[in-house]
Structures are given as structure tokens and as C-alpha cells.
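Comments concern the structure below.
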Amino acid sequence: MPACRQLLLFQPRTETPGAHWHVCAALIALLLTGCVPERPLNIVLIVTDDQGWADLGSYGARDLDTPNLDRLAAEGIRFTNYYASNAACSPSRAALLTGMYPMRVGLPGVLMPQSNAGLNPAERTLAEMLRDLGYRTAAIGKWHLGHHPEHLPVNHGFESYFGIPYSNDMTPDSTKNPNPYARNHPPLPLVENDRTIEVEPDQRLLTRRYTERATTFIETHRDEPFFLYMAHTFPHMPLFVSDDFAGQSRRGLYGDVIMEIDASTGTIMDALERHNLTHHTLIIFTSDNGPWLVKAPFAGSAGPFREGKGTTFEGGHRVPLILRWPARIPAGQVSDAMVLAMDLMPTIAALTEAPPGPYPFDGKDLMPTIDGGPTPHEAFFYYRGRALEAVRSGPWKLHVPHLFRSIHGATLVTPTHPGTYRQDSTDLALYDLAADPGETRNLAGDHPDVVDHLLTLMETARQDLGDSRTGVQGSNIRASARVTH
Ligand code: MG
């Protein structure tokens with residue numbers, strides 16, 4: 001009996017309770033066409049904050065216990081050359097949820113509690129795209145694309161929101177953030193939809209509360225297509241963990257926090273299984289950027305890669321990506337193709353046959369790559385803020401001269417000191433990432449033709465997206481939204 005997936009995917013949402021509506025749609029389809037619609041694809045996107053490339057067992061961690069996330073990887077595909085689009089929170093999430101470079105959508109830097117900016121409502125988010133296809137949508141956890149009511153998830157396609165709208169160290173509480181400037185922050189809000197329901201919530205309970213909300217959402221909408229965006233507050237510093245996990249890991253508080261996130265993922269996987277949704281649900285697991293190394297021992301590991309969060313070296317951008325979808329993706333795959341966070345939304349757009357949005361994606365549909373094809377990208381461009389600092393094409397990565405914050409020679413965090421990186425700089429530097437993933441051997445002098453090619457690619461990006469390092473204004477960039485109050 002043939003399947004008619006589109007019949008369900010293109011139904012606009014109605015006020016009819018979902019279970020009844022889908023049963024009705026299936027029966028009508030059967031009567032009219034003689035075929036049975038497939039169940040629509042559910043999407044669960046789990047994002048952690050500042051978790052490093054090597055902070056999962058499946059990515060080589062030896063002292064972290066992540067059995068659920070390792071099972072997720074074993075049952076799907078994991079990528080070893082996946083790039084967060086930026087090495088900091090707000091721009092990384094802007095790209096993840098729009099499929100475009102952060103510079104394109106006007107959010108190249110981290111938003112602070114004093115900021116009046118947010119993601120422009122003219123941009124189409126992943127949630128808006130799926131909502132318009134009839135999906136139920138929820139955002140749980142950290143947002144960081146604008147904390148004013150106008151910019152919160154409920155005004156970007158999510159039906160509901162529960163979480164801390166920016167980083168958990170953006171608080172005047174000196175025990176959570178010893179930076180002197182933090183004394184000017186307002187108390188940390190916990191937001192439900194567009195209303196602050198608590199200030200300075202007990203952060204030990206956040207992961208548990210997020211998880212409870214996630215499972216309730218799945219149970220409530222188990223008979224409808226849904227998109228759950230689960231954006232953990234942790235392991236961003238300061239770290240907190242519930243009593244059930246305190247002292248349980250082999251890696252101190254950081255390991256405890258990772259263990260609770262892993263257990264949360266297991267709880268979500270169990271909820272899907274309990275409602276017979278595993279087969280038709282695409283779970284995506286990733287991190288927004290690399291580890292905040294100056295916070296060691298409360299930071300993760302970038303494994304073989306150089307530096308971490310806040311830099312355009314591989315440790316800042318290269319993070320885990322796991323996809324599990326038993327109905328479509330064979331289990332047990334590992335791909336070394338270069339793929340980007342910006343690819344997730346175009347991939348889901350293709351899978352759900354969503355109509356085009358107002359602007360073309362920078363990302364690409366990953367399904368051909370998942371099926372064994374090559375990377376869909378000629379190049380990836382590494383921005384720090386508005387500065388274009390590096391490009392990767394094939395195995396080659398070129399840095400143009402820039403300053404950076406280095407963990408080598410840094411002063412690490414203490415209870416009264418936030419930690420200070422050592423300022424360093426790089427010359428023009430060419431690395432072969434296949435042979436030298438740690439970016440240690442500058443081959444620029446040996447391969448002038450490769451350098452010239454990569455510089456040409458960078459110039460194209462510079463004209464398109466802009467570059468504060470050279471003072472070029474991009475010709476295809478748009479502004480963020482701003483509130484006037
Ligand atoms: Mg982050």
C-alpha cells in the first residue's frame with residue numbers, strides 16, 4: 001500500500017485536537033486515494049552550551065560517562081568535521097535556527113542583559129518554518145537571541161518557552177560570576193513564554209526542570225508532529241547539578257553536569273520510545289561552541305584541537321553532531337565530511353518539503369552527505385564577531401593575521417577571579433587539517449597556490465558578509481531587531 005507523506009505534512013494547524021485530526025486525515029486520505037499516509041517526522045534538537053568536541057564517550061572522552069548519548073550515536077550517525085557557525089553563544093544559535101551565517105542576520109556577537117537587540121522578526125526560524133507546516137513547537141532552556149519580550153521564542157515560532165533567556169553567568173551574584181562588570185547585571189530571570197516567573201532560580205534544578213518540561217511536551221503532543229528545541233543552560237559556567245548527580249562522576253562537577261545532561265537525553269529517548277515515536281523522530285544533538293578553557297577544571301575538552309570557545313581555531317568551532325532517525329538513517333555511521341550548523345535547517349526544510357523562506361539559506365541539505373556523499377560546501381568561513389579570520393576548504397585551513405585569546409599562559413578561574421586568557425597573535429598561517437588537526441605546522445610558505453585560492457574565497461565572503469578586520473561592509477547582510485525601550 002503506497003504512502004502519502006505529503007498529505008499530513010502540508011496540513012495547516014487547526015484547533016482540532018491533534019490526535020483526532022490526524023486520525024481523521026489518515027482516514028480521509030485512505031478513502032480518497034487508497035493509500036495510507038506515513039507518520040510525519042518529529043524533530044528534537046538538543047543543544048548544550050560550551051560542551052567540547054571530546055566531551056562524549058563516542059568522541060573519545062575517557063573520564064566522562066555518557067551512555068545515553070553514546071547510544072544515540074551508535075543508533076545513528078555522528079560527524080567528526082561538524083562546525084558550530086560561531087565560537088560564541090548568540091551568533092552560533094542565530095545560525096542554527098536560521099540556516100544562515102550570523103553576520104547575515106545581524107547577530108555577530110554575544111547579547112548581554114543590557115542589549116536592546118534580538119533576532120529580527122523578518123528572519124524565518126526553524127520553528128516558524130515547522131509551525132507553518134502544522135508542527136507543535138516548544139523551546140526549553142537557553143535562548144540568547146534577544147531577551148526582550150518582542151525577541152523571545154514565542155515571537156519566533158515557538159508556541160511555548162521555558163528557560164533562562166541568556167547565559168547563566170549574566171547575574172550580579174558574585175558567587176556565580178566574579179567579573180566586576182557583572183555587578184551591573186539585573187537578577188537572572190527564569191522566563192515562561194514572555195513573562196519572568198522567577199529571578200535567580202535555583203540553578204541546581206534547571207536541567208531537571210527542563211527535562212520535565214520536555215517529556216510533558218512530548219506526551220502532550222505525541223499524536224501530532226512536533227518540534228522540541230531543548231537548549232541546555234549547561235555546561236556553561238557556573239556549573240550546577242541536582243543532588244541525584246552531585247559527586248557521581250569521575251570528572252568532578254563538570255562530569256556530574258555532563259552526566260545529568262546525558263541522563264536528560266536518556267529520559268527524552270525513553271519518552272519517545274514509550275509513545276512509539278522513536279522510529280519517526282529525528283533527534284539532533286550538538287553543542288553551540290567549544291569549551292571555555294579558562295574555566296578549567298570546570299570546562300570541557302576540545303580533544304586534539306587547538307584552543308577553544310571564543311577563537312577561530314578548531315577548538316572553538318568543532319563540536320559533536322549526532323543525528324538519529326531510525327526510519328531513514330542507518331545506525332552506526334561516522335562521517336568525516338565537513339558539515340555546518342547552518343545545514344540543519346535546510347536539511348529539515350528538504351525533509352518536510354517546506355516552502356522557501358524570504359531569504360536563501362547559507363546551509364545545505366545534508367541528506368546526500370548522510371547517504372555517503374561528500375561535503376556540500378566548498379568553504380566554511382570563520383568569523384569572530386564581525387572579523388573574518390579564517391577559511392576552510394577541503395583539508396586546508398587558512399588564518400589571516402589576527403589576535404586571539406590563548407589558553408597557553410592563561411590564568412585559570414578561581415572563586416574570586418574569572419580567569420584571564422593570554423593575548424596572542426597569528427601570522428598568515430596555512431594548516432592541513434587532515435594531517436595536522438591541531439593547527440601546529442604552518443605550511444603557507446610551501447603552498448602559495450593554496451594560499452592564493454583560499455584568499456580568493458575569503459574575499460568573496462568579505463564582499464558578501466563584510467569584515468571588520470579590513471573595514472569591508474558586506475553587501476548582503478541584514479540588521480538585527482532593536483527595542484527602543
Ligand atoms: Mg556557548
Side-chain angles (χ1 to χ4, degrees), residues 45-56 59 82-98 101-102 105 107-113 115 118-119 139-147 153 163-171 176-177 179 182 185 188 203 206-207 210 229-240 254 257-258 260-261 264 284-296 298-303 305 307-321 340-342 344 382-385 404-405 407 413 418-419 421:
L45 173 55
I46 303 171
V47 180
T48 56
D49 197 341
D50 298 359
Q51 187 168 4
W53 190 88
D55 287 339
L56 293 174
Y59 281 79
Y82 165 78
Y83 287 88
S85 301
N86 193 278
C89 301
S90 299
S92 172
R93 288 147 200 269
L96 186 71
L97 292 179
T98 65
Y101 275 100
V105 299
L107 286 173
V110 172
L111 299 176
M112 301 300 283
S115 173
L119 182 63
I140 298 170
K142 174 169 167 174
W143 175 240
H144 220 172
L145 294 175
H147 61 277
I164 291 178
Y166 40 67
S167 299
N168 64 328
D169 65 339
M170 293 179 176
T171 162
K176 300 186 178 106
N177 187 342
N179 263 308
H185 290 330
L188 188 69
Q203 294 200 33
L206 281 179
T207 301
Y210 291 171
Y229 178 45
M230 180 75 165
H232 285 282
T233 285
F234 302 115
H236 193 286
M237 272 281 283
L239 300 179
F240 291 92
Y254 188 83
V257 167
I258 295 297
E260 186 163 24
I261 288 171
S264 165
I284 303 166
F285 178 88
T286 190
S287 174
D288 69 337
N289 52 252
W292 202 355
L293 296 174
V294 81
K295 304 296 184 184
F298 306 109
S301 167
F305 302 119
E307 301 292 345
K309 171 179 178 174
T311 77
T312 49
F313 291 99
E314 293 296 285
H317 287 256
R318 196 96 73 98
V319 290
L321 174 68
L340 313 177
M342 291 174 285
L344 295 174
Y382 303 68
Y383 276 84
R384 187 171 59 86
F404 66 94
R405 63 186 204 183
I407 191 59
V413 70
Y421 287 95

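Atoms within a ligand are numbered from 1 in the order they appear, just like the ligands themselves. The structure presented is a predicted model; accordingly, all values stated were derived computationally and were not measured.
- Remark: side-chain polar atoms of T312 are not paired, donor with acceptor, to backbone N or O of R384 under 3.5 angstrom.
- Vertex the Mg ion (ligand 1); arms to C89 atom SG and D50 atom OD1; angle 120° (nearest 10°).
- The Mg ion (ligand 1) lies at the vertex of an angle of 80° between the OD1 atom of D288 and the OD1 atom of N289 (rounded to 10°).
- Looking at D49 and the Mg ion (ligand 1) together, the shortest N, O or S contact belongs to OD1.
- In this structure, D55 contributes its side chain and S301 its backbone to a donor-acceptor pair below 3.5 Å.
- Using modelled atom types, no side-chain atom of D50 and backbone atom of D288 make a donor-acceptor pair closer than 3.5 Å.
- Formation of a donor-acceptor pair under 3.5 Å by the E307 side chain with backbone atoms of I407 is found in this model.
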